[in-house]
Amino acid sequence: MIELKNVTKQYPGQPHPAVDSLTLTVPEGEICVLVGPSGCGKSTTLRMINRMIEPSAGSITINGQSVMNNDPDHLRMGIGYVIQQIGLLPHRTIAENIAIVPRLYKWPKEKIVRRVDELLVMMGLDPEKTRSKYPSQLSGGQMQRVGVARAMAVDPPIMLMDEPFGAVDPIARTHLQDEFLRLQKEIRKTIVFVTHDINEAIKMGDKIAIFGEGKLVQFGTPEEVLTNPANEFVENFIGYDRIVKKLFLYQVQEAYRPAVCRLRPEEIGNALSKMLAEKAEVAFVLNEADKPCGYLTREELEQEETARDADGLQKLAARRSKAFVQTTTPLPDALSVMLEYDAEYVGVLKNGLLEGVMSFKDIRRHVYRREGE
Amino acid sequence: MDINLVDFFQRNTRTIMEYTENHFTLVLSAVVISLLIWVPIGLLLTKSDKWAARIMALANTIFCIPSLSLFAIMVTIPALGLGRKSALLALVLYAMMPLIRNVYDGVKNVDRNVIEAAKGMGMSSGRIMREIQLPLGLPVIFAGFRITVVMTTGIAAIATYIGERNLGRFIQEGLVRSNTSMIIMGALIISVIAIALDTILGGIEKLVIPKGLRARR
Ligand SMILES: Nc1ncnc2c1ncn2[C@@H]1O[C@H](COP(=O)(O)OP(=O)(O)OP(=O)(O)O)[C@@H](O)[C@H]1O
Ligand SMILES: [Mg+2]
């Protein structure tokens with residue numbers, strides 16, 4: 001657990017403090033994202049935790065121990081540190097770069113070699129190909145991975161990451177973020193993560209700390225921040241698409257309805273009566289193996305009943321054969337499926353079997369119910 | 001005017017050898033002493049911007065004094081007098097500028113982010129100097145070393161006016177006696193030595209530059 005109490009940093013010759021009596025707690029095993037516009041003191045805050053900068057006032061403790069009681073070099077050896085510019089040593093191989101902190105700890109050679117390979121694999125790099133390359137021979141994304149691997153080399157319980165995925169293109173960044181989140185589920189480090197990108201903050205943070213001009217403006221979970229922005233500054237920082245951003249916090253399993261009308265192949269002829277009996281707006285057509293292969297809506301059937309035979313209905317249903325999502329699909333992706341197939345409903349699958357249904361209305365209702373809380 | 005270098009060489013081989021040897025030893029001792037003094041001072045200066053500015057200004061001023069005058073000034077210092085001590089001191093003072101400047105620039109221009117990352121991982125400042133700043137600054141430092149060697153070889157010739165018996169003497173005496181072969185012989189050997197040293201150092205430079213700085217995709 002990292003605790004900052006009334007921490008202030010006044011750079012000499014600056015009119016205002018870069019960080020102004022900041023109080024913040026980062027619980028064990030969580031990612032706390034510091035986010036805010038450029039120059040608001042995020043990096044300064046982060047760098048005070050590992051004493052790259054000394055605070056002018058206030059106290060910083062890690063697990064109850066003041067960082068000032070520790071020798072700075074020793075303190076830093078125990079904290080993973082990743083910077084945006086990565087800072088790999090250009091004259092050292094990738095393996096040597098990752099081995100820096102283990103070498104400071106005087107680990108035996110074999111242990112270092114083993115650990116380096118383990119980290120390369122963990123970061124999705126091929127040890128054989130990467131180990132003895134120099135940084136200049138890697139792509140930006142690969143370098144960023146090495147930067148993260150290097151910070152994790154001695155498995156420090158705490159990591160400080162200053163825009164760790166800043167130097168790569170958006171696609172590579174998304175990929176790195178996803179992988180890192182997956183990894184974090186296993187390693188459960190206490191992480192302070194700096195970004196100026198609110199989307200990254202929402203995605204990566206267990207908690208978000210929004211900074212404005214050296215002051216903490218709002219602190220909370222992404223959902224809290226998106227639901228109740230503390231003031232106009234936060235609202236503007238989040239942007240006009242606040243609700244859309246909120247969608248990213250939810251998965252289909254939170255919004256779908258499990259009650260669903262199923263049509264076995266032989267039932268397709270009296271689809272409408274079955275739907276009326278079940279008071280269903282939509283019915284899913286299953287094949288012989290119980291796999292859903294599309295759906296029909298009541299509206300369609302009421303209009304076209306006379307015009308279509310069972311075969312025609314089968315074809316109509318099959319037009320939505322791809323309008324399905326998983327329970328774990330994020331809501332924005334479910335929404336794109338709806339738009340892509342011009343479908344009012346999507347079927348919700350779990351392990352390949354039909355689990356429920358979700359309509360555009362369900363999404364809206366879910367988001368606004370959360371709004372109201 | 002009669003220019004016959006081969007003839008001159010054959011008749012004066014022993015003198016040429018003596019002068020060349022003297023020239024060499026003067027250059028060698030001046031360069032070694034300069035390295036021993038100025039490289040550590042250059043490194044120290046990277047720790048203090050204030051002192052770096054002061055010392056660099058001093059080095060620049062010394063560098064601007066014409067060489068003949070500097071040699072003459074040395075001679076007036078009682079403890080030095082005519083001869084090798086004065087010559088050495090003057091050459092070492094000239095080397096101050098290129099060496100200190102390049103050591104300072106080489107170390108200071110190492111990518112700040114690399115230093116930040118290394119420091120952030122808990123490397124001590126001594127270790128950062130040894131393992132990062134020195135190797136990464138080496139190309140620039142080595143360039144300063146090359147300049148110093150070539151420059152010292154040239155300026156050392158002028159020490160002939162304060163009693164050094166080196167290759168500069170051919171030029172000095174040749175001028176007095178209007179002996180063109182003599183002048184050209186002196187100038188030629190000095191140039192050959194300078195070019196040869198520079199070429200050899202150029203070769204060595206390729207070897208000392210860290211591999212990762214050369215490696216490209
Ligand atoms: N070494 C320094 N000396 C003086 N002022 C500084 C120093 N470092 C930062 N500042 C100032 O302190 C303020 C906060 O800087 P900081 O680097 O913490 O911002 P940041 O939130 O990380 O911004 P960015 O998103 O651009 O990285 C800025 O106004 C900056 O100009
Ligand atoms: Mg910053």
Side-chain angles (χ1 to χ4, degrees), chain A residues 43 46-47 49-53 70-105 132-139 142-143 146-148 150-154 156 159-164 167, chain B residues 39 42-43 46-53 102-145 203-217:
Chain A
S43 299
L46 190 81
R47 287 154 51 84
I49 298 173
N50 65 355
R51 289 185 67 183
M52 296 295 280
I53 300 175
N70 208 332
D71 164 69
D73 287 336
H74 195 260
L75 173 79
R76 292 177 199 135
M77 278 164 66
I79 299 177
Y81 185 43
V82 188
I83 58 174
Q84 173 172 0
Q85 299 79 6
I86 315 175
L88 297 182
L89 314 195
H91 59 309
R92 295 290 178 80
T93 63
I94 300 311
E96 287 166 341
N97 263 284
I98 297 177
I100 290 175
V101 184
R103 267 182 53 219
L104 294 178
Y105 276 107
S132 42
K133 277 193 175 157
Y134 285 97
S136 61
Q137 297 168 303
L138 299 188
S139 72
Q142 289 170 325
M143 282 198 258
V146 175
V148 175
R150 184 173 67 171
M152 296 199 302
V154 295
M159 307 252 294
L160 307 177
M161 310 178 85
D162 197 344
E163 312 215 13
Chain B
V39 172
L43 293 178
T46 59
K47 308 277 181 202
S48 158
D49 291 344
K50 198 172 75 185
W51 278 101
N102 281 53
V103 169
Y104 182 85
D105 285 352
V107 169
K108 273 286 183 179
N109 287 337
V110 170
D111 185 356
R112 274 183 46 236
N113 297 313
V114 175
I115 314 259
E116 159 94 11
K119 190 175 167 199
M121 286 184 286
M123 267 197 178
S124 65
S125 59
R127 207 164 171 140
I128 290 177
M129 178 61 87
R130 265 180 289 123
E131 294 190 14
I132 298 176
Q133 290 176 303
L134 264 183
L136 290 182
L138 204 57
V140 179
I141 297 174
F142 205 86
F145 174 56
I204 298 177
E205 186 171 348
K206 290 215 178 67
L207 297 179
V208 298
I209 290 180
K211 219 169 141 201
L213 300 187
R214 286 180 269 140
R216 285 284 170 268
R217 259 190 275 178

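Within every chain, numbering begins at 1; the chains are lettered A, B, ... in the order of the sequence lines, protein sequences first and strands thereafter.
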Chain B contact via A/Ile86 - side chain, backbone, both or neither, heavy atoms under 4.5 Å: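 For A/Ile86, backbone heavy atoms alone lie under 4.5 Å from chain B.
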Side chain from CB out, backbone as N, CA, C, O: work out which of these in A/Arg51 comes under 4.5 Å of a heavy atom of chain B, or both, or neither.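 Contact with chain B involves no heavy atom of A/Arg51 at all.
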Before giving the answer on side-chain contact (heavy atoms from CB on, under 4.5 Å), spell out for B/Leu134 and B/Ile141 the whole-Å C-alpha distance, their side-chain angles and the decisive distance to 0.1 Å. CA-CA 9 Å; B/Leu134 264 183; B/Ile141 297 174; 3.9 Å; yes
Would you mind reporting whether [Y] and [X] have side-chain heavy atoms less than 4.5 Å apart?
| X | Y | result |
| --- | --- | --- |
| B/Ile128 | B/Lys119 | yes |
| B/Met121 | A/Met77 | no |
| A/Arg150 | A/Leu88 | yes |
| A/Ser43 | A/Asp162 | yes |
| A/Pro90 | B/Leu136 | yes |

Pairs of heavy atoms under 4.5 Å with chain B: top-ranked of A/Asn50, A/Leu75, A/Ile100: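 The candidate making the most pairs under 4.5 Å is A/Ile100.
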Which atom names give the shortest non-hydrogen contact between B/Tyr104 and B/Ala52, and what distance separates them?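 Nearest heavy atoms, B/Tyr104 then B/Ala52: CE1-CB, 3.4 Å.
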For A/Gly147 versus A/Val82, what's the shortest heavy-atom pair and its separation?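 That would be O-CG2, 4.1 Å.
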In residues 111-118 of chain B, which residues are in contact with chain A at a heavy-atom separation under 4.5 Å?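 Under the 4.5 Å heavy-atom cut-off, B/Asn113, B/Val114, B/Glu116, B/Ala117 qualify.
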Can you tell me which portion of B/Ile132 sits under 4.5 Å from chain A's heavy atoms? Options are side chain, backbone, both or neither.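 Both parts, backbone and side chain.
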